[in-house]
Enquirer: 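One structure, pasted below without further comment.
Values in this document were obtained by computation on a predicted structure and should not be read as measured data. Just so it is clear: chains get the letters A, B, ... in the order the sequence lines come, proteins before strands, and each one is counted from 1.
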There are 2 protein chains.
Amino acid sequence: MGRPAVSISSVDPVLVEADEAVPDDYHLQDQIGFILRKANQRHLAIFAARISDLTPPQFAALAKLHEVGETSQNQLGTLIAMDAATVKGVIDRLKARGLVDYGKHEADKRLLMVKLTADGFAMIERLIPLAAQITLETLAPLTAREIGTLMRLLGKIA
Amino acid sequence: MGRPAVSISSVDPVLVEADEAVPDDYHLQDQIGFILRKANQRHLAIFAARISDLTPPQFAALAKLHEVGETSQNQLGTLIAMDAATVKGVIDRLKARGLVDYGKHEADKRLLMVKLTADGFAMIERLIPLAAQITLETLAPLTAREIGTLMRLLGKIA
DNA sequence: TCAAATTCATTCGTATGCAAATGATATCAA
DNA sequence: TTGATATCATTTGCATACGAATGAATTTGA
């Protein structure tokens with residue numbers, strides 16, 4: 001809609017100049033934000049197909065607790081890039097399912113210390129191999145060399 | 001937690017072997033899903049800093065309507081990679097703000113045809129240059145060559 | 001032609017995701 | 001020591017996201 005589909009060469013250069021505020025070359029499909037969102041969507045679909053037990057954020061929380069042991073809810077949020085309000089919801093749902101447990105820190109009563117339960121530990125140990133497969137499947141369209149490149153470049157803008 | 005932080009060389013090889021179900025080398029930070037999520041987070045933060053008027057999904061809807069003109073709500077969802085339930089919410093909020101308008105298709109009464117209002121048209125024409133800047137800022141850590149590579153590889157897994 | 005299958009939109013329920021405000025606790029600094 | 005500042009967790013409000021179920025309208029195929 002924005003404008004008729006004409007080639008630059010067929011248009012008066014002065015008019016092209018005057019219209020530059022809305023470039024012809026802005027297409028949603030070519031924007032990094034849109035492509036990131038689509039790549040993420042595909043990854044989430046692969047995740048859901050292989051792990052129906054947990055959502056990706058829930059998996060991330062359990063995996064990180066498995067990695068670092070008991071931590072404060074806030075610190076956990078920092079480690080998995082989740083803000084305080086979001087991590088609270090995730091942890092509460094995991095607690096409701098008996099996968100994590102938490103309690104106040106004795107010395108610093110501001111801290112809510114979170115840890116895996118035995119069930120949570122068993123669950124994450126079972127799921128980590130599946131998660132590794134999810135990573136592989138997500139990257140399956142790429143060669144080993146391309147995977148390295150993509151991870152390196154994505155890391156730069158993350 | 002999962003296991004003590006010891007170097008492989010200090011561990012009985014047989015024990016290492018027996019423990020392979022939960023590889024030492026699974027780290028959330030290195031998974032494509034986690035990196036994609038973080039890259040997306042950074043992009044969204046840049047977007048919010050430059051465009052406070054609209055959310056990214058709202059912008060996407062207006063930008064696509066600007067590109068293709070009047071379309072059905074469902075078709076719009078396909079074009080911007082949004083499912084029917086989600087796009088409905090986005091369009092309803094845009095309609096409430098007078099940026100889009102919609103009505104039943106005369107021939108095919110299943111279709112809800114959506115289009116920009118004059119206000120919506122003016123708004124998106126004003127914002128598209130800002131969106132182009134957002135794209136640039138998101139990609140600022142990369143060279144021109146790296147940008148091309150990243151877009152190509154991301155496109156493969158999107 | 002007409003019953004079955006499809007398509008489109010809507011609604012419901014659940015789960016992020018984040019800004020902003022609030023209260024409790026801890027730390028810092030004069 | 002104590003008032004200002006900072007940190008942590010919680011709550012609220014709004015906006016995606018998406019699976020699943022539902023109803024209306026259209027298309028298809030025997």
Enquirer: Which nucleotide wins on minimum distance to the side chain of A:Asp108, given the candidates C:dC8, C:dT25, D:dT10?
Expert: C:dT25
Enquirer: Mind calculating the distance between NZ (A:Lys38) and P (D:dC18) to the nearest angstrom?
Expert: 12 Å
Enquirer: Let me know the distance between CG of A:Leu36 and C1' of C:dG17, rounded to the nearest Å.
Expert: 17 Å
Enquirer: Under a 3.5 Å threshold, yes or no: a donor from one side chain and an acceptor from the other, between A:Glu67 and B:His27?
Expert: no
Enquirer: Can you tell which of D:dT10, C:dA15, C:dT10 lies closest to the side chain of A:Ala84?
Expert: D:dT10
Enquirer: Looking only at heavy atoms, which two atoms of B:Leu153 and A:Leu150 are closest? And how far apart?
Expert: CD1-N, 3.9 Å
Enquirer: Could you state the CZ-P distance from A:Arg37 to D:dC18, rounded to the nearest angstrom?
Expert: 7 Å
Enquirer: Return whichever of A:Thr86 or A:Lys104 has its heavy-atom-nearest nucleotide of DNA chain C closer to the 5' end.
Expert: A:Thr86
Enquirer: Under 4.0 Å between any heavy atoms, over every strand shown, what does B:Ala107 touch: base, sugar-phosphate, or nothing? Just pick one.
Expert: sugar-phosphate
Enquirer: What nucleotide among C:dT16, D:dT10, C:dA24 has an atom nearest to a side-chain atom of A:Pro57?
Expert: C:dT16
Enquirer: What's the closest nucleotide to the B:Ala85 side chain, out of D:dA6, C:dT10, C:dT11?
Expert: C:dT11
Enquirer: Select one nucleotide: of C:dG17, C:dA15, D:dA25, the one nearest the side-chain heavy atoms of B:Arg110.
Expert: D:dA25
Enquirer: Which one, C:dA9, C:dT7, D:dA9, comes nearest to the side chain of A:Leu111?
Expert: D:dA9
Enquirer: In whole Å, what is the span from the CG atom of B:Leu44 to the P atom of C:dC18?
Expert: 8 Å
Enquirer: Rounded to the nearest 0.5 Å, what separates atom CG in B:Leu54 from atom CZ in B:Phe47?
Expert: 6.5 Å
Enquirer: Roughly how many Å is it from CZ in B:Arg42 to C1' in C:dG17, rounded to a whole number?
Expert: 19 Å
Enquirer: Looking only at the side chain of B:Gln73 (C-beta and beyond, no hydrogens), which of the listed nucleotides D:dA15, C:dT16, C:dA9 gets closest?
Expert: C:dA9
Enquirer: Report the distance from atom NZ of B:Lys88 to atom C1' of D:dA20, rounded to the nearest whole Å.
Expert: 17 Å
Enquirer: On DNA chain C, compare the nucleotides closest to A:Val90 and A:Lys109; which residue's is nearer the 5' end?
Expert: A:Val90
Enquirer: State, to 0.1 Å, how close B:Asn74 and B:Ala84 come at their nearest heavy-atom pair, and which atoms those are.
Expert: OD1-CB, 3.8 Å
Enquirer: Provide, to the nearest angstrom, the distance between the CD1 atom belonging to B:Ile80 and the C1' atom belonging to D:dT16.
Expert: 12 Å
Enquirer: I want to verify a distance call: between D:dC18, D:dT7, C:dA9, whose nearest atom is closest to the B:Ser72 side chain?
Expert: C:dA9
Enquirer: What is the distance from CG of A:Asp92 to P of C:dT16, rounded to the nearest Å?
Expert: 11 Å
Enquirer: Does D:dC8 have its OP1 or OP2 closer than 4.0 Å to a side-chain nitrogen or oxygen of A:Gln75?
Expert: no
Enquirer: For A:Gly69, does its backbone N or O pair with a side-chain atom of A:Thr71 as donor and acceptor, under 3.5 Å?
Expert: yes
Enquirer: Choosing from D:dT26, C:dG17, C:dC8, which nucleotide comes nearest the side chain of B:Asn74?
Expert: C:dC8
Enquirer: If you check every side-chain atom of B:Gln58, which of C:dA19, D:dT10, D:dT16 has the closest atom?
Expert: D:dT16
Enquirer: Whether the A:Lys64 and A:Gln75 side chains hold a donor-acceptor pair (N or O, under 3.5 Å, no angle test) is what I'd like checked.
Expert: no
